[in-house]
Structures are given as structure tokens and as C-alpha cells.
Engineer: 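Below you will find the structure I want to go over with you.
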Amino acid sequence: MPTVNITLPDGKVLSFDGPVTGLGVAERIGARLAKDALGVKVDGELRDLSAVIDRDAAVSIVTYKGRDGVVSADALKLVRHSAAHIMAEAIGRVVPGALLVYGPALEDKFYYDIKFPEERPLREGDFAKIEEEMGRIVSEDRKFTRYEINPEEGLVRLKQEGNKYKVDNAERAMMAAGGSSLGTRHSALSFYATGTPGKDWEDLCRGPHVPSTGRIGAIKVLSLASSFWHGDENSDRLTRVYGTAFATQAEMDAYFALKEEAAKRDHRVLGKQLHLFHIDESVGQGLILWTPNGGVVRDQLQKFISEELVKQGYHQVFTPHIGRLELYKTSGHFPYYKESQFAPVIEREALEELSKSGCSCSEMMHRVEGVSARLAATINERTQKQTITPDRVLADDKLVEGFMLKPMNCPHHIKIFASRAYSYRDLPVRLAEFGTVYRWEQSGELNGMTRVRGFTQDDAHLFCTEDQVAAELIGCLSLVKTVLGTLKMENYRVRVGLRDPDGKKYTGSASAWDKAENACRDAARTLGVAFSEEPGEAAFYGPKIDFVVKDVIGREWQLGTVQVDYQLPVRFGLSYTGADNKPHVPVMIHRAPFGSLERFTGVLIEHFAGAFPAWLSPEQVRVLPISEKSNAYAHRVAGELRARGVRVGVDDGNERVQGKIKVAAEMKVPYMAVVGPRDAEHGTVSVRVRGQEKDAGAMALGAFVEGVAGEIAGRVAGLGVRP
RNA sequence: GCCGGUGUAGCUCAGUGGUAGAGCAUCGCUUUUGUAAAGCGAUGGUCGCAGGUUCGACUCCUGUCACCGGCUCCA
């Protein structure tokens, strides 16, 4: 029998006289490890502890916590996938006739997609019963037992069970096995019994699993959702049951504590508490009303960004919220993106005429989407192909004119560029606008400020020569660096979207693409943060750079983007005069590095948990008189602060100072200035700094005013004013 | 859009077919206060909206609107 040499993570080699199981390896290392082991990793592949290793391999034993005390992601995967089986069995007992589909482990939970009988859907009211059943299965500590049967037999068996989903799973597994180098392992179908095959509950499953159900210390059903088979909305609708599991109850408690922590930072909750914004049914879903406090935050952000743009040579422009349909037919936004746009606004006269002539809805849409022969010819000539197909061309008297709520700012900015002649000496031209756009997001996708239907982008369009692209990209990224640095959101990464090597959909020459892609890479490097290259992620009109920030509790948020565009300048026939006195097509760069003010503010609220730095705070100082007797002095203090541009409030109500402090703390006001007769006499204020338990002490009013004003002017991230 | 949940006072939430409630906020009175809520009183609701069942509906049914969680990290 050939010797099997097992290399452990520390480099030590154990020799066995023949095939050995993962458990066997663990036992050789130590009894304690064998007891704690949940699974095994063989040459990097996660397997059952009972898996037989019959060749030399690098092996590590998977336990819940490694020596460093960190919970192993592999262990959680084993635990959660096993938990999915336990949940499925429990559900099967509670709701007979439910067909299992697919149940993987996720990052912090697991789910099982299940087809429930029409007459017996699963409800949240069933959770308690399911959890009771799961508890029973865990306490029975049944072994997860793997066995394999040949595909033909397996398929027959699955078909007998009448579960087309599992049959499909098996067929897919066989297909995958056919193309896999690991063919031997997949040439059979594997089943797992939660206990004894033939007697206990079984499921077609690739595995791996923990050794037995008792190894799952905590398991819970979380929620219900709907999903589609294979994620295809035209396919069967399934019910997705989410749950989570941990090896210990303490870990699960910690998980829910963290969830609660995140919930407290929820910008929708804080937005209400701190009166930052309001969404009103009668205005419309996904439409943000910025209330005065939120208005301050937005205004400060805009001012900050605007100042930086001036430094970078941008020009501020302003454009209306709507534009003629023809504009968007020229740009290609309509009707191409019509599903994600608000419906066009049709001119009244055209509408009346249509209704008089008895025009049907579909006919009307056709006439709204139609393009005049003149425009079609122009665009086809400019793009040198049949961009506008003949079926969209209509006689002028058939065309229905109208306007669109703008889904993008670029067409308006392009028209500003085109409104005068430029020479190469004038380039680059940088047009910036906090431009409000409207998009028809699906109602289920809407979410507070982070996913809305009307939003204001920190938008700009740069028109430059091909040679200037690289420098302009670097400029865009340096702005991001400055802004995120000032906000102390320095944990972010960028994604560089490149063209697919063999894609044909792209416009622009290959050499221009190479140049632009290299420029994107070079620009990303100048940031000094992690960046990834993602082939195939470019837009069809040019490469792009996306920004993703990580907030203080580790969640990632996709913000804005910088995109190089060869397409629109062509469609709009833009040109500048080159040194050769000939017309040249400029390259356009679209950039909205913070995405939208709505999303960015939402992310900021969560990042700071509502406790903004002083310069962003709606109320920067609140003056708290000890009693009515000190009200006059309190207002004098406030007056001096206000004169230096500080946003200050006075709580001169008939409450005790303890109460005033509590309320100001809840509103997360950065500084409180408590004033009583003593302060009035000495010209001081007693300072309280947000986040600190105690009174920081008294300081001269003048010094306090200057300290706060200076901190605000410097956009300092922390609260540094102290006596 | 789809599945499940939720919708009651400005906010947070009780209320399982028989006269709509609490705390906070607001307003008034008392207190004149030195560092995370002093006391008393008052105001405030078409119970999301529209139908239906019933002697009677916040409660049960149907529809509708909105919000929340989710809608593959591929056996």
C-alpha cells in the first residue's frame, strides 16, 4: 500500500500507511483537535472530515476558531450549509409537499429556495415551529452521512420524487462534471443523509458538511423573500427562506448585536431623528425633500466641492430639469433607456390632436419614439453606421414632440460646449453642475436616500484632446482624494472597468482605447489605494473608474464614477479647431465622483452615525442657560458666535440644564455652551464636547468663538475645541 | 415588478368585533435650577386609502397605496 504524505500548514509532514480520513489526520495531531474538527481542507478544497485522502496532499483541519481566536470563514461555511439542511428538514415537517430547490451558505447567513404548494405558502408565523424542529434535530446530534450513487440511478430516483428542481440540479452537476478536470469526483451524484441513509432525511448535495447536527450551536430562521428559479424572472417563483447559524450561541448574540448597531446608524432612522430629510407619499416615492437640517449638510458639501472645482479650473453651469425628446434621441438615451426613465411629457397640442384622431397607445408610443429623416441621416452619417434603423424614421408630420425629465446631464452640457467655437488652446473645457436627474427605479429597489428616483449628481463633463485625457483623469481622482480625506473616509477602493478583449460592441479606435485604459490605470495608481481591473466592465463608449467606499462598520458603498466617452462627441458632431486649423472631435469625460448628493449624504449619515464634524453639522453650538436669569447672557453668547458665521441655537426653555443637555446630545450637536451667572460675570462659557461624558470646563467666550470658527473654516474632522 | 412583513397622535409604540390609549414632542401653570429629562395640567387621531361583511369594524374579507426585509456568492 502506498504511503500517503500529509503536509500540514506549519510545513510538518505526517506519513500514513495508506488512505486516511480527515479525522484520521486530526487524531494523529491531537485528541483535542480531533474533537474540535468540523471539516478538512485538502489542497485548498473544503471537504467533509470523513473524506478519504488517498494521495499526498496539503491538509489543514478546519475548526471553529483557529489558534489566533479568529472565527474561520470555512468553518462558518460548513456550519451554515449544514444548517440549511437542518432547516430544510424542519420545514418539510412543518409544511408537507414543499419542494427543495437550492440552499447555499452566504457570507453571514444561508438560505434555501423552496417551492411551496400554492395552497400552503410559508409564513412568518411558521418560524417558531420550524425553530422548534430544528432544535430537535440539533439535539439528536445525527451524523451527516455522505453516499454516492451513479448518475442514471440518481436521476431516476430524483424523478420519482417528483422534484424537477433537484433533477435540474443533478443534470447541471453532471454537465459541470463533464467539463471538469476533477471529473472523477463528480461522475457520481452525492447525497447526504442527516443521520442514517434510507432512514433519515436526505438531500442531493455536493457537501461538505460538519460531522453531525450537534455541532451547530445556534441556528435561527431570519426572513422570507421571493426569488426566481435560476434568478430568471420569467421562470418559476420560489420562496427563499433565510436563516443563520453559528457554532456557538455567544457568536450569534454578537452577530445580532452588530446588526442592531448597524440599525442604529440607519440613515432613514437618523434622518427622522435629526430632521435631515423627509419622503412624502403625496410627493412621490423615491423623491427626497431636504428639510432645513439636511439642507445645511448638502449646502456645505456643495460649497466644499465647488471650491475644489474652482481650484481645478472648472466652470459652473446651470441647466433646466427637462429637455426636448429630440435631444435624447440624438444622445441615444431615448428610447434606449426608456424603461428606466419617467415617461415623456407630451406637448398639449400634440396630445389633443392624437386623441381627436383616435390614435392608439402603441401607435402613439411609436410616434413619440420616432425620429425624423433629417436627424436619422445626420446621426447615421456621424456614426458611420445605421445607428438609427429605418423602422424608426417617421415623416415629420407624424412625429410627436415632447419633453423628458432629464435622466443625464450630459446632453445639456454638450449643448453648452457646442454653443461656441473652441480651439485646441481652449481645451480642456470643464463644465460642472450639481445637476438633478430623474430615473424610474423599480419600486422595490427604492431605499431611503441611497436609491431614489430624483437625485442631484455632482456632475461635470470635460471636453479635451486625446492627449489630455490622462491628466484630466488624475485631476478627477485628486478631487476624490481631497474630499474623502477631509471627511476621513479614507477606506475606499477603485475599480477600473476595461473593455472585453474580444468584444465588438465598443466604439472608438483600438489605439484610443489602449491609451484611455492606460490613462485610467495610471490615474488609479496616483490615489495610492487598492484598485482592481475588471475586463468587460467598461461602458461601450469608453473605460471607466468607479469608487467604492467602506464605512466605519465595514459596509461598502458604490459612489460615483469617471468615464471616458468617445461616442457622444461623435453623435453630437462636436469639434474644436486643432493646431492644423482642421476640425477635430474632442474626447469627453463624464465624472460624478460622489455619485449623487442624496446617496452621498445617506452614506455620510451612516458613516458618522449622524454625528457630523462641526463644519457639516446643522447646528454647531447650542447655548444652554442654567436658568431664565442667564437667558440674556446666553443670547449674547449666541450673537457673538453667529457674527462669526457659526450656526448656533439657544435652548432658553424652562427646563433644568440636565434636560437641555440630554436633548442637545440626542440631536448630536458638536458643542454645548452651558452658561450661568458665574459665566456671565467672568465672560466665559462652560464647554461640553459631543461624545464626552463630562463638562470640559470653562473658557473665555472669545477663545471659544475663535476656536469653533477656526475649526469650521478649516473643515476639521474632529472636535478639538477645549478650555 | 415579485414574495413575506408592516401601516394607529409630529416621533416611538400598545390596543383580537362593543365609547381610540401610553411615553416623548407641543402648549399652559408651578419651579429659577451648574452638567445626560423637575412637577402638574391641556391640546392633539377620518386607526394609510377605497369598497365589503356585520346591529356594530382599528379589529374580519377584497382591492389599492406606501414603507421594511429580500429577489443566486450557481447541486
Side-chain angles (χ1 to χ4, degrees), chain A residues 77 80-81 100-114 116 121-127 154 158 165-177 186 189-192 203-207 222-242 259 263 266 268-269 272-273 275 278-286 339 440-448 624-631 653-666 672-679 686-688 690 692-698:
Chain A
K77 207 170 167 186
R80 295 196 177 126
H81 188 195
L100 299 177
V101 183
Y102 170 58
L106 305 178
E107 212 169 88
D108 62 347
K109 50 194 169 191
F110 62 86
Y111 66 82
Y112 218 119
D113 277 346
I114 299 173
F116 285 96
L122 193 69
R123 295 183 193 288
E124 281 185 13
D126 297 318
F127 287 6
L158 289 167
Y165 306 107
K166 285 286 172 187
V167 172
D168 175 76
N169 284 347
E171 281 168 351
R172 281 164 174 261
M174 302 320 301
M175 256 163 52
H186 290 275
L189 287 174
S190 60
F191 286 78
Y192 277 82
D203 192 14
L204 169 76
C205 178
R206 180 173 55 181
L222 292 177
S223 60
L224 292 176
S226 91
S227 64
F228 299 104
W229 194 23
H230 300 150
D232 173 5
E233 60 183 298
N234 299 314
S235 189
D236 293 10
R237 262 205 318 275
L238 308 171
T239 301
R240 175 164 300 180
V241 190
Y242 278 91
K259 285 270 156 195
D266 190 316
R268 293 165 302 189
V269 174
K272 245 181 216 169
Q273 258 170 38
H275 310 304
H278 175 65
I279 299 173
D280 199 285
E281 258 190 65
S282 48
V283 173
Q285 324 175 249
E339 298 302 319
W440 189 263
E441 299 288 347
Q442 291 200 90
S443 65
E445 299 286 351
L446 299 172
N447 183 287
L624 311 179
I626 290 292
S627 80
E628 222 171 276
K629 290 176 183 162
S630 302
N631 281 358
N654 190 7
E655 286 290 325
R656 297 200 310 176
V657 73
Q658 287 89 331
K660 295 179 183 181
I661 288 168
K662 167 97 178 176
V663 170
E666 274 174 359
M672 292 180 223
V674 177
V675 295
R678 255 192 342 252
D679 294 291
S686 301
V687 179
R688 229 172 196 283
R690 184 183 61 209
Q692 304 208 334
E693 288 284 318
K694 281 190 178 160
D695 175 20

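All figures in this text were calculated on a predicted structure; none of them were measured in a lab. Throughout, protein chains are lettered first and strands after them, A, B, ... in sequence-line order, and every chain is numbered starting at 1.
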Engineer: Between B:G34 atom C1' and A:Asp679 atom CG, what is the distance in whole Å?
Structural biologist: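 Value for this atom pair: 9 Å.
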
Engineer: Any side-chain heavy atom of A:Asp695 within less than 4.5 Å of one from A:Val674?
Structural biologist: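 Contact flag for A:Asp695/A:Val674 side chains = no.
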
Engineer: Pairing of RNA chain B as dot-bracket, 5' to 3': ( ) intra-strand, [ ] crossing, | other strand, . unpaired, with Watson-Crick or G-U pairs under 3.5 Å?
Structural biologist: (((((((..((((....[..)))).(((((.......))))).....(((((..]....))))))))))))....

Engineer: Using a heavy-atom cut-off of under 4.0 Å over every strand shown, decide if A:Val674 touches base, sugar-phosphate, or nothing.
Structural biologist: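 Here A:Val674 touches the bases of the nucleic acid.
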
Engineer: Check every strand shown and say whether A:Ser227 touches a base, only sugar-phosphate, or nothing at a heavy-atom separation below 4.0 Å.
Structural biologist: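 Contact class for A:Ser227: sugar-phosphate only.
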
Engineer: Hey, which of these two, A:Ile661 or A:Ser627, hits RNA chain B nearer its 5' end, going by closest nucleotide?
Structural biologist: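 It is A:Ser627, whose closest nucleotide lies nearer the 5' terminus.
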
Engineer: Nearest to the side chain of A:Glu445, heavy atoms from C-beta on, is which of B:A66, B:C71, B:G69?
Structural biologist: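 My answer, after comparing the listed nucleotides, is B:C71.
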
Engineer: From CZ of A:Arg656 over to P of B:A36, roughly how many Å is that when rounded to an integer?
Structural biologist: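 Going from A:Arg656 (CZ) to B:A36 (P), I get 10 Å.
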
Engineer: Provide the distance between the two C1' atoms, one in B:A66 and one in B:C49, to the nearest whole Å.
Structural biologist: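 10 Å, rounded to whole Å.
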
Engineer: For A:Val101, does its backbone N or O pair with a side-chain atom of A:Asn169 as donor and acceptor, under 3.5 Å?
Structural biologist: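 It does hold such a pair.
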
Engineer: Counting only distance, no hydrogens or angles, is the base of B:G34 paired donor-acceptor with the side chain of A:Ser686 under 3.5 Å?
Structural biologist: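 Yes.
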
Engineer: Within this structure, what is the CG-to-C1' distance between A:Asp280 and B:C65, rounded to whole angstrom?
Structural biologist: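 Atom-to-atom, A:Asp280 to B:C65, this comes out as 13 Å.
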
Engineer: Taking only side-chain nitrogens and oxygens of A:Arg206, does any of them come within less than 4.0 Å of OP1 or OP2 of B:C74?
Structural biologist: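 No.
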
Engineer: Is there, by distance only and without an angle test, a donor paired with an acceptor across the side chain of A:Asp695 and the base of B:G34 below 3.5 Å?
Structural biologist: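 No.
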
Engineer: Respond yes when some side-chain nitrogen or oxygen of A:Gln658 is under 4.0 Å from OP1 or OP2 of B:G34, and no when none is.
Structural biologist: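 For B:G34, neither OP1 nor OP2 has a side-chain N or O of A:Gln658 closer than 4.0 Å.
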
Engineer: When rounded to the nearest Å, what value does the distance between C1' atoms of B:G44 and B:C27 take?
Structural biologist: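 Rounded to whole Å, the distance is 11 Å.
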
Engineer: Describe the nucleic acid contact of A:Val663 in one word from base, sugar-phosphate, nothing, applying a heavy-atom distance below 4.0 Å.
Structural biologist: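 A:Val663: base contact, heavy atoms under 4.0 Å.
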
Engineer: Could you tell me whether the side chain of A:Tyr165 reaches within less than 4.5 Å of the side chain of A:Asp113, counting heavy atoms only?
Structural biologist: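 Side-chain contact under 4.5 Å: no.
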
Engineer: Considering only atom C1', compute the distance from B:U43 to B:G28 and round it to an integer number of Å.
Structural biologist: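 Each nucleotide's C1' atom is 10 Å from the other's.
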
Engineer: Could you check whether any side-chain heavy atom of A:Ser190 comes within less than 4.5 Å of a side-chain heavy atom of A:Cys205, counting everything from C-beta outward?
Structural biologist: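 Counting from C-beta outward, A:Ser190 and A:Cys205 never come under 4.5 Å.
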
Engineer: Could you tell me the separation between the CG atom of A:Leu204 and the P atom of B:A75, rounded to a whole number of Å?
Structural biologist: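 In whole Å, B:A75 P lies 10 Å from A:Leu204 CG.
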
Engineer: Kindly give the heavy-atom pair with the smallest separation between A:Lys166 and A:Tyr112, and that separation in Å.
Structural biologist: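 Scanning both residues completely, I find the closest heavy atoms to be NZ-OH, 3.0 Å.
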
Engineer: For the side chain of A:Glu281, starting at C-beta, report the closest nucleotide among B:C65, B:G70, B:U32.
Structural biologist: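 The nucleotide sitting nearest to the side chain is B:C65.
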
Engineer: Using whole Å, report how far NZ of A:Lys662 lies from P of B:A36.
Structural biologist: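 Going from NZ in A:Lys662 over to P in B:A36 covers 10 Å.
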
Engineer: Contact class for A:Glu666 (heavy atom, under 4.0 Å): base, sugar-phosphate, or nothing?
Structural biologist: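 Answer is base: heavy atoms of A:Glu666 come under 4.0 Å of a base.
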
Engineer: Taking the same atom, P, in B:A9 and in B:G21, what whole-Å distance lies between them?
Structural biologist: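 Those two atoms are separated by 14 Å.
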
Engineer: Respond yes when some side-chain nitrogen or oxygen of A:Lys629 is under 4.0 Å from OP1 or OP2 of B:U33, and no when none is.
Structural biologist: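 Affirmative; the distance criterion is met.
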
Engineer: Determine the contact category for A:Ser190: base if any of its heavy atoms lies under 4.0 Å from a base atom, sugar-phosphate if only primed atoms, P, OP1 or OP2 are that close, otherwise nothing.
Structural biologist: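 Touches a base.
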
Engineer: Using the ring-ring contact (aromatic ring centres under 6.0 Å, His included) criterion, which residues pair with A:Tyr102? Sequence neighbours excluded.
Structural biologist: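 With sequence neighbours excluded, A:Tyr102 shows a ring-ring contact (aromatic ring centres under 6.0 Å, His included) to no residue whatsoever.
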
Engineer: Round to a whole Å and report the spacing from CZ of A:Phe127 to P of B:G4.
Structural biologist: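 Rounded to the whole Å, the gap is 12 Å.
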
Engineer: Under 4.0 Å between a side-chain N/O of A:Arg268 and OP1 or OP2 of B:G69, yes or no?
Structural biologist: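 The answer is yes; a side-chain N or O of A:Arg268 sits under 4.0 Å from OP1 or OP2.
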
Engineer: Separation of A:Arg240 atom CZ from B:C74 atom P, in whole Å?
Structural biologist: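 To the nearest whole Å, that distance equals 12 Å.
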
Engineer: Does the ring of A:Tyr111 carry A:Arg240 above it, NZ/CZ under 6.0 angstrom from centre and within 45° of its axis?
Structural biologist: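 That pair qualifies as a cation-pi contact.
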
Engineer: Would you please confirm or rule out a distance under 4.0 Å between OP1 or OP2 of B:C71 and any side-chain N or O of A:Tyr242?
Structural biologist: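 Yes, within the criterion.
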
Engineer: Could you tell me whether a side-chain N or O of A:Arg688 sits under 3.5 Å from a main-chain N or O of A:Glu693, the two making a donor and an acceptor?
Structural biologist: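 At least one qualifying donor-acceptor pair exists.
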
Engineer: Students often get this wrong, so: under 4.0 angstrom with heavy atoms, is A:Arg688 touching a base, only sugar-phosphate, or nothing?
Structural biologist: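 Base contact - A:Arg688 has a heavy atom under 4.0 Å of at least one base atom.
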
Engineer: For the P atoms, the ones on B:C13 and on B:G17, what distance do you get once it is rounded to whole angstrom?
Structural biologist: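 Comparing P positions in B:C13 and B:G17 gives a spacing of 24 Å.
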
Engineer: Considering only side-chain heavy atoms of A:Ala225, which listed nucleotide, B:U35, B:A75, B:C3, is closest?
Structural biologist: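 Looking only at side-chain atoms, A:Ala225 lies closest to B:C3.
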
Engineer: Side-chain N or O of A:Asn447 less than 4.0 angstrom from OP1 or OP2 on B:C67?
Structural biologist: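 No.
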
Engineer: Roughly how far apart, to the nearest Å, are B:U54 and B:C61 at atom P?
Structural biologist: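 After rounding to an integer number of Å, I get 16 Å for this pair.
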
Engineer: Atom CZ of A:Arg678 to atom P of B:U33: distance rounded to whole Å?
Structural biologist: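 In whole Å, B:U33 P lies 12 Å from A:Arg678 CZ.
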
Engineer: Using a cut-off of 4.0 Å on non-hydrogen atoms, how would the nucleic acid contact of A:Lys660 be classed: base, sugar-phosphate, or nothing?
Structural biologist: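 It contacts nothing in the nucleic acid.
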
Engineer: When rounded to the nearest Å, what value does the distance between C1' atoms of B:C3 and B:A22 take?
Structural biologist: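 One C1' to the other, the span is 35 Å.
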
Engineer: Could you please name the option among B:U32, B:A38, B:A36 that lies closest to any side-chain atom of A:Ala665?
Structural biologist: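 Looking only at heavy atoms from C-beta outward on A:Ala665, the closest nucleotide is B:A36.
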
Engineer: Using atom C1' in both nucleotides, what's the gap between B:C60 and B:U16 to the nearest angstrom?
Structural biologist: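 B:C60 and B:U16 have their C1' atoms separated by 10 Å.
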
